[in-house]
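These notes are about the structure you will find just below.
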Amino acid sequence: MTGFIDPAIARKSQIVNNALTMNKNGVPLPSVVEISESGTCNRVCAFCPRSDPDFPNEMKFVEPALLDKVTRQLAEVDYRGIFLFSGFVEPLVDKNIFDHLKIVRGNLPLAQIDMVTNGDVLDLKRLKRLFSSGLSTLLISVYDGEAEAEDFEVLCQKAGLRNDQYVIRHRYLPPEQDFGITLSNRAGLMGNAEFLIPAVVEPLKKPCYYPHYTFFFDYLGDVLLCPHDWGKKRVVGNLVEQNFMDIWTGPEMSAARDHLVMSDRSFQPCDVCDVKGMLMGREHADAWRTLDEQQS
């Protein structure tokens, strides 16, 4: 691997840093709340765990009531970070995606609502509807070549989008250039994928800031420690049964943050993960450390 770093990370990092806020008790809030809002995707990419023949593909989707509950609880803490439709799926497969956007925008009027898509079903009508439903920025991952990337550029311009409302991500590069993606072994789940990336033999002795700034949940309401945990090896809570803040400040996420900031990855799923966990979120890690010092 070349160690390619997605240029879109610089944009996300800036938003993440600027969105660092605390609740009334001084607890750092996440700057990214990400939802994997279904169990399915219409593509199988070589560098994705879905290229493993045994990876589950389920035509199940998030319930609007769950999305409404979560975003109302985020509104209670005045959440203004990124609410991201991405995860392990293709959001535009969901026929209710426009209604989902309206729920999020209605409850979180000041949030940055982003979506990652492969653009396969994208046309001018759908593109305009995404933004009229409340979307802030669409990140289009292009897999089929430069010509397709140019077509998406023309489409976005035709829709009258500003430059800050869309990002074209070039995912058609050869394996020697990491396909144009910041590759990882997805917490050890790429061992049987088409493009094999092995699990690490010994836990990396490097910090990781993902749980300091990211809150990730799926269509079932299961909350994962990290968006790289495609195998759902560590479910730290469930939003159907629990509240957002109870999980965010709960013992599992708190312990993971304490270990990871000290370069200790000796627990699942971090023990087999090779992710570059310091590309953003350092400010959040410092904020958590400051809170710990004040409470000690």
Quick one: side chains of residues 246-258, donor-acceptor pairs under 3.5 Å with protein atoms, not counting sequence neighbours, listed by atom name and distance.
residue: W248; atom: NE1; partner: P28; partner atom: O; Å: 2.8
residue: T249; atom: OG1; partner: M245; partner atom: O; Å: 2.7
residue: S254; atom: OG; partner: T249; partner atom: O; Å: 3.2
residue: S254; atom: OG; partner: G250; partner atom: O; Å: 2.8
residue: R257; atom: NH1; partner: P211; partner atom: O; Å: 2.9
residue: R257; atom: NH2; partner: W248; partner atom: O; Å: 2.6

Output a table of donor-acceptor pairs, distance under 3.5 Å, between side-chain atoms of residues 129-140 and any protein atom two or more places apart or on a different chain; print 'none' if there are none.
residue: S132; atom: OG; partner: K128; partner atom: O; Å: 3.4
residue: S132; atom: OG; partner: R129; partner atom: O; Å: 3.0
residue: S133; atom: OG; partner: R129; partner atom: O; Å: 2.7
residue: S136; atom: OG; partner: R105; partner atom: NH2; Å: 3.0
residue: S136; atom: OG; partner: I113; partner atom: N; Å: 3.0
residue: T137; atom: OG1; partner: R11; partner atom: NH2; Å: 3.3
residue: T137; atom: OG1; partner: Q112; partner atom: NE2; Å: 2.9
residue: T137; atom: OG1; partner: D164; partner atom: O; Å: 3.0

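By the 30° and 60° cut-offs, the orientation of the rings of Y143 relative to F47 is tilted. Using cut-offs of 30° and 60° on the angle between ring planes, the pair H284 and Y213 is tilted.
Between the side chain of Q242 and the main chain of N238, a donor-acceptor pair closer than 3.5 Å is present. For the pair R50 (side chain) and V44 (backbone), a donor-acceptor distance under 3.5 Å is absent. A donor-acceptor distance shorter than 3.5 angstrom exists from the side chain of R126 to the backbone of V121, with no hydrogens or angles considered. No side-chain donor-acceptor contact under 3.5 Å links D271 to the backbone of P203. At distances below 3.5 Å, not a single donor-acceptor pair connects side-chain atoms of N192 with backbone N or O atoms of D52. A side-chain donor-acceptor contact under 3.5 Å links K233 to the backbone of A187. With hydrogens and angles disregarded, no donor-acceptor distance shorter than 3.5 Å links the side chain of R171 to the backbone of V142. In this structure, the side chain of R265 engages the main chain of P207 through a donor-acceptor pair within 3.5 Å. Of the possible donor and acceptor atoms, one in the side chain of S51 sits under 3.5 Å from a partner among the backbone N and O of E194. For D274 (side chain) and N185 (main-chain N/O), a donor-acceptor pair under 3.5 Å exists by modelled atom type.
Looking at E153 and Y166, their side chains do bring a donor and an acceptor atom within 3.5 Å of each other. Judged purely by distance below 3.5 Å, without hydrogens or angles, the side chains of S36 and D218 never pair a donor atom with an acceptor atom. If you check the side chains of E148 and Y172, you find no donor sitting under 3.5 Å from an acceptor. Defined by atom type and a distance below 3.5 Å, a donor-acceptor pair is present between the side-chain atoms of T40 and N57. Looking at E34 and T214, their side chains never bring a donor and an acceptor atom within 3.5 Å of each other. N42 and E90 share no donor-acceptor pair across their side chains, judged by distance under 3.5 Å alone. Counting only N and O atoms by type, the side chains of S266 and H259 include no donor and acceptor under 3.5 Å apart.
The residues R289 and D292 are annotated as not salt-bridged, no charged nitrogen and carboxylate oxygen being separated by less than 4.0 angstrom. Under a 4.0 Å N-O distance rule, the pair D120/R43 qualifies as a salt bridge.
Under the 4.5 angstrom side-chain criterion for Ile, Leu, Val, Met, Phe, Trp and Tyr, the cluster partners of L224 are F55, F88, V89, L189, F216, W230, V235. Through chains of ILVMFWY side-chain contacts below 4.5 Å, V93 is grouped with M59, F61. When hydrophobic side chains of Ile, Leu, Val, Met, Phe, Trp and Tyr are connected at separations under 4.5 Å, L204 ends up clustered with V200.
Not counting sequence neighbours, the partners of P64 by the side-chain contact (heavy atoms from CB on, under 4.5 Å) test are H100, I103.
Close placement of the F83 and F85 rings is indicated, their centers lying within 6.0 Å of each other.
Side-chain atoms of M190 and L183, non-hydrogen and from C-beta on, never get closer than 4.5 Å to each other.
Applying the 6.0 Å contact sphere to CD of Q73 captures more than 12 heavy atoms from other residues, nucleotides or ligands.
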